[in-house]
2 protein chains.
Amino acid sequence: MLENISTEQRIDPRVKRTRALIEHAFNELLEEKGFQSISVQDITERAEINRSTFYAHFVDKYALLETNITQTFRQELEKRTLSACHYSVENLQILIVTVCDFIMQAKTHCKATGSQFEILVEKQVKQEIRDLLEYWLEQSGSTTDPKLAATAASWAIYGLALQWSNDKQHTNAEFFTEQISPQIQAILQLNQ
Amino acid sequence: MLENISTEQRIDPRVKRTRALIEHAFNELLEEKGFQSISVQDITERAEINRSTFYAHFVDKYALLETNITQTFRQELEKRTLSACHYSVENLQILIVTVCDFIMQAKTHCKATGSQFEILVEKQVKQEIRDLLEYWLEQSGSTTDPKLAATAASWAIYGLALQWSNDKQHTNAEFFTEQISPQIQAILQLNQ
DNA sequence: GCTCCTTTGTTGTTTTCCCAACAAATATAG
DNA sequence: CTATATTTGTTGGGAAAACAACAAAGGAGC
């Protein structure tokens, strides 16, 4: 199992609650209006917590978005049990499809291009891809440096998926994945 | 509008939350097992709050049951907009049907007869009936003492509804209400 | 009867959260 | 551009909840 850095043991139920309240309110607001137009006040009012309490948990709404993206993406991985398995071409392809779906889903939440929202989605999702691939490579006893290969592959996967999502008449994600899978496999240098 | 004695203005969001958590956990447990077999520990574990916090809000589980019954019954009244209207034969009959339904519903939550559960349901529901009837009578400018008439009627309604609910081949609540409505009207001494 | 175990209330201390107030930074309108 | 709101980030003091520990009461099994 991919070690969650947040292997927090017994967490104070109060912070668990407020985190959940903030997260829930934020997700609701994301559905209703774009990220930019959401203010910290909006979130705390919706969550029915004090505004100062928000700042005890996150430095600003961008920090909240970061953890929110990571959490949401991890949930998608866990739905497909990707974080609890090992490397295979099939799992790699499932991962790529997951990234494609996630980018498409994220697009509904941001209006402007080049926004802070897009930047943070890219940063967090690439990081998660990298962590998972590194974990897979270490398990498989790769000959190449897992860190380097994982980084390269994460950039390649995200870059390709983003280009695919911006293509106005793009094929479906599964067909696209079949196309690019060999290249990613080459980066990972695993001949399985 | 029937003046809620709990016209609490701005209530601390923390107590609002914990009350809701307790209430929610208690309702869940009531559905799963009888009132007697529920311990304070069960409630606080389900609600994910500290046990000592429970005692900061209620002296024991019986006190919780009291407020829970009152709240649930008031919700039933508000569903039928009974707490925001005035006296009429039709509204009186709706009230009686509500009491019948409530007693039948409560029966599923208690096993033994003569239990503390039954006693508290009777006490709280009679009180709510009394308050509502007194409010109606005061609005109508009754000639008789509203307190006395309301008390008498509340006992009569509850007693009759309880007997009806214990009747193994009881008629439906609406038909039963038609039967006893004249008697209750007589107690209230209103010739409308 | 007697144990063993669970539940019950209660207490004192620590942590988290609420609240109001503030100056600074950002909108938004005219 | 100026004026008026609104939002932001931070602070100090007070209230609520968490936590651990305790004696006492109740129940289950033997």
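Below, chain A is the first sequence line, B the second, and so on; all start at residue 1. Just so we're clear, the structure is a prediction, and the values are computed from it rather than from any experiment.
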Task: A/Glu138 atom CD, neighbour heavy-atom count above 12 within 6.0 Å - done: yes
- [ ] Flag yes if more than 12 heavy atoms outside B/Gln71 fall under 6.0 Å of its CD atom; otherwise flag no.
- [x]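 Check passes, neighbour count above 12.
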Open item on the list: Contact between B/Arg46 and B/Gln41 at the side-chain level, heavy atoms closer than 4.5 Å - yes or no?
Closed with: no
Task: Student check: side-chain heavy atoms of A/Leu95 and A/Leu133 closer than 4.5 Å - done: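 Yes, at least one pair of side-chain atoms sits under 4.5 Å.
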According to a strict under-4.0 Å criterion, is [X] in side-chain N/O contact with OP1 or OP2 of [N]?
X       : N      : result
B/His57 : D/dA17 : yes
B/Arg19 : D/dA16 : no
A/Ser52 : C/dC18 : no

- [ ] Kindly state whether the ring of B/Tyr135 and the ring of B/Tyr87 have centres lying under 6.0 angstrom apart.
- [x]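 Distance test on ring centres: not under 6.0 Å, no.
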- [ ] Assign the ring pair A/His170 / A/Trp164 to parallel, tilted or perpendicular, where the plane angle (0 to 90°) is split at 30° and 60°.
- [x] parallel
TODO: Assess whether one donor atom and one acceptor atom, taken from the side chain of A/Arg14 and the base of D/dA17, lie less than 3.5 Å apart.
DONE: yes
Open item on the list: Does A/Thr18 contact C/dC17 through a side-chain donor or acceptor facing the base, at a distance under 3.5 Å?
Closed with: no
Let me know the distance between [atom1] of [X] and [atom2] of [N], rounded to the nearest Å.
X       : N      : atom1 : atom2 : value
A/Ile11 : C/dT15 : CD1   : P     : 15 Å
A/Ile22 : C/dT16 : CD1   : P     : 14 Å
B/Ile43 : D/dA17 : CD1   : P     : 16 Å
B/Phe58 : D/dA16 : CZ    : C1'   : 15 Å
A/Glu45 : C/dC19 : CD    : C1'   : 15 Å
A/Asn50 : D/dT10 : CG    : C1'   : 12 Å
B/Arg17 : D/dA18 : CZ    : P     : 11 Å
A/Asp12 : C/dC17 : CG    : P     : 7 Å

Polar atom pairs between nucleotides 6-9 of chain D and protein, under 3.5 Å, N or O only, would you list them?
unit_1: D/dT7; atom_1: OP2; unit_2: A/Gln41; atom_2: NE2; d: 3.3
unit_1: D/dT7; atom_1: O5'; unit_2: A/Gln41; atom_2: NE2; d: 3.4
unit_1: D/dT8; atom_1: OP1; unit_2: A/Val40; atom_2: N; d: 3.2
unit_1: D/dT8; atom_1: OP2; unit_2: A/Val40; atom_2: N; d: 3.3
unit_1: D/dT8; atom_1: OP2; unit_2: A/Gln41; atom_2: N; d: 3.3
unit_1: D/dG9; atom_1: OP2; unit_2: A/Tyr55; atom_2: OH; d: 3.2
unit_1: D/dG9; atom_1: N7; unit_2: A/Arg51; atom_2: NH1; d: 2.8
unit_1: D/dG9; atom_1: O6; unit_2: A/Arg51; atom_2: NH2; d: 2.9

Task: Gap separating the CD1 atom of A/Ile94 from the SG atom of A/Cys85, nearest 0.5 angstrom - done: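 If I round to the nearest 0.5 Å, the distance is 7.5 Å.
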